[in-house]
Amino acid sequence: RQMIEESLDAGLLPILSTAVANVVGVDPSLPVDRGYTISDLGLGYEHELAGEFAAAITAYEADRSALEGQRQQDLWASLTYRLAPALLAEDQTEAARDAFWDALDRDPRHTFGRTTRAQNQLLRNLAHEYEIPLFDAVSRFESASRDRLIGNSLFSDGHHPNVAGYQLLAEGFAEALSAHFSTPVHTHFRNPDEILDRFYTQHRDQPPAITAGWYLGAASMHPWPDILMDHAAAYAKQALDINSDLLSGWIVLGAAAADR
């Protein structure tokens with residue numbers, strides 16, 4: 001609010017944006033010093049691994065109910081995050097979407113935080129109150145995502161979009177500026193590959209390599225790192241497909257193999 005008012009007092013126009021993050025592709029952060037293990041996900045996780053998704057839903061919901069009102073809110077968010085893909089597997093898309101967002105909203109944020117629904121609604125309310133432009137990045141990313149589930153198709157990690165995601169951000173802000181100042185947008189890119197060809201002609205192995213390193217670091221701070229190590233290995237393989245001599249890619253693959 002202070003920044004908006006100071007900008008307006010100085011004759012500047014602030015353009016607000018909701019803060020978009022990877023809702024589906026990154027699980028809630030759990031503290032590594034509290035003794036959590038993969039077994040804390042209970043029978044729900046066992047059923048999920050076996051492809052018994054209806055049973056997984058029942059187990060996850062029972063375990064979540066048992067935690068309500070207790071101090072173990074860290075684990076509640078993780079159980080809710082695991083509940084979501086089981087709901088998706090049973091074609092309960094809207095319930096799955098709510099579960100992913102519930103997990104994010106109640107993420108204990110021991111390592112990094114993502115913007116909650118309430119925080120983004122505050123930004124929308126401020127734009128309406130001060131009658132200033134708003135680019136709703138969350139809605140834009142949802143519209144570009146399958147089943148409106150914002151995940152790895154538009155993000156490199158928990159916070160940072162990939163090239164396709166940054167294209168959505170650039171287009172949204174350009175449209176907001178164009179609409180307010182009645183100035184056309186002069187440059188349009190057809191797809192992320194065109195952007196890479198224009199601005200990233202060399203070292204195209206670096207984006208997946210950097211993402212692999214991020215997942216490797218995140219795994220080191222997670223009670224059950226195997227899932228994140230799988231992500232790290234997948235991105236390392238992408239980088240190595242581009243450049244088979246990339247040392248960092250082989251290091252990540254070696255770390256993932258050692259973790260097994």
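Hydrogens, waters and symmetry mates are skipped; everything else that's a heavy atom, side chains included, is used.
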Enquirer: Rounded to the nearest 0.5 Å, how far does OG of Ser17 lie from CG of Leu123?
Expert: 8.0 Å

Enquirer: With rounding to the nearest 0.5 angstrom, report the CG to CZ distance, Leu168 to Arg140.
Expert: 6.0 Å

Enquirer: Taking the side chain as C-beta and beyond, is there a heavy-atom pair between Gln206 and Asn243 under 4.5 Å?
Expert: no

Enquirer: Return the CZ to CG distance between Arg124 and Leu16, rounded to the nearest 0.5 Å.
Expert: 11.5 Å

Enquirer: When you compare the side chain of Thr80 with that of Arg106, does any pair of heavy atoms fall below 4.5 Å?
Expert: no

Enquirer: Test your reading of the model: is there a side-chain donor-acceptor pair from Trp250 to the backbone of Ala236, 3.5 Å cut-off?
Expert: no

Enquirer: Kindly indicate, with the supporting measurements, whether the criterion side-chain contact (heavy atoms from CB on, under 4.5 Å) is fulfilled by Leu88 and Thr93.
Expert: CA-CA 5 Å; Leu88 270 182; Thr93 305; 4.3 Å; yes

Enquirer: Is there a side-chain contact (heavy atoms from CB on, under 4.5 Å) between Arg82 and Leu79? Walk through the geometry before answering.
Expert: CA-CA 5 Å; Arg82 296 310 323 166; Leu79 289 169; 5.9 Å; no

Enquirer: Ring-plane angle category for Tyr215 and His231, please: parallel below 30°, perpendicular beyond 60°, tilted otherwise.
Expert: tilted

Enquirer: Would you say that Phe135 contacts Leu169 through its side chain, given a criterion of any heavy-atom pair below 4.5 Å between the two side chains?
Expert: yes

Enquirer: Is any side-chain heavy atom of Glu171 closer than 4.5 Å to a side-chain heavy atom of Phe189?
Expert: no

Enquirer: Can you say whether the rings of Phe100 and Tyr81 are parallel (under 30°), tilted (30 to 60°) or perpendicular (over 60°)?
Expert: perpendicular

Enquirer: Any heavy-atom pair between the side chains of Arg1 and Ile4 that's under 4.5 Å?
Expert: no

Enquirer: Strictly distance-based, threshold 3.5 Å: is any side-chain N or O of Asp40 a donor or acceptor partner for the main-chain N or O of Thr37?
Expert: yes

Enquirer: Flag the pair Asp102 / Trp76 as yes when at least one side-chain heavy-atom distance between them is below 4.5 Å, and no otherwise.
Expert: yes

Enquirer: Going through the checks in order, is the side-chain contact (heavy atoms from CB on, under 4.5 Å) test met by Glu131 and Leu8?
Expert: CA-CA 11 Å; Glu131 298 181 341; Leu8 293 173; over 6 Å; no

Enquirer: Start with the C-alpha distance between Asp27 and His222, add both sets of side-chain angles, then the distance that settles side-chain contact (heavy atoms from CB on, under 4.5 Å), and finish with yes or no.
Expert: CA-CA 10 Å; Asp27 65 334; His222 202 287; 2.7 Å; yes

Enquirer: Under 4.5 Å between any side-chain heavy atoms of Leu177 and Thr183, yes or no?
Expert: no

Enquirer: Are side-chain heavy atoms of Leu87 and Ile57 found at a separation under 4.5 Å?
Expert: yes

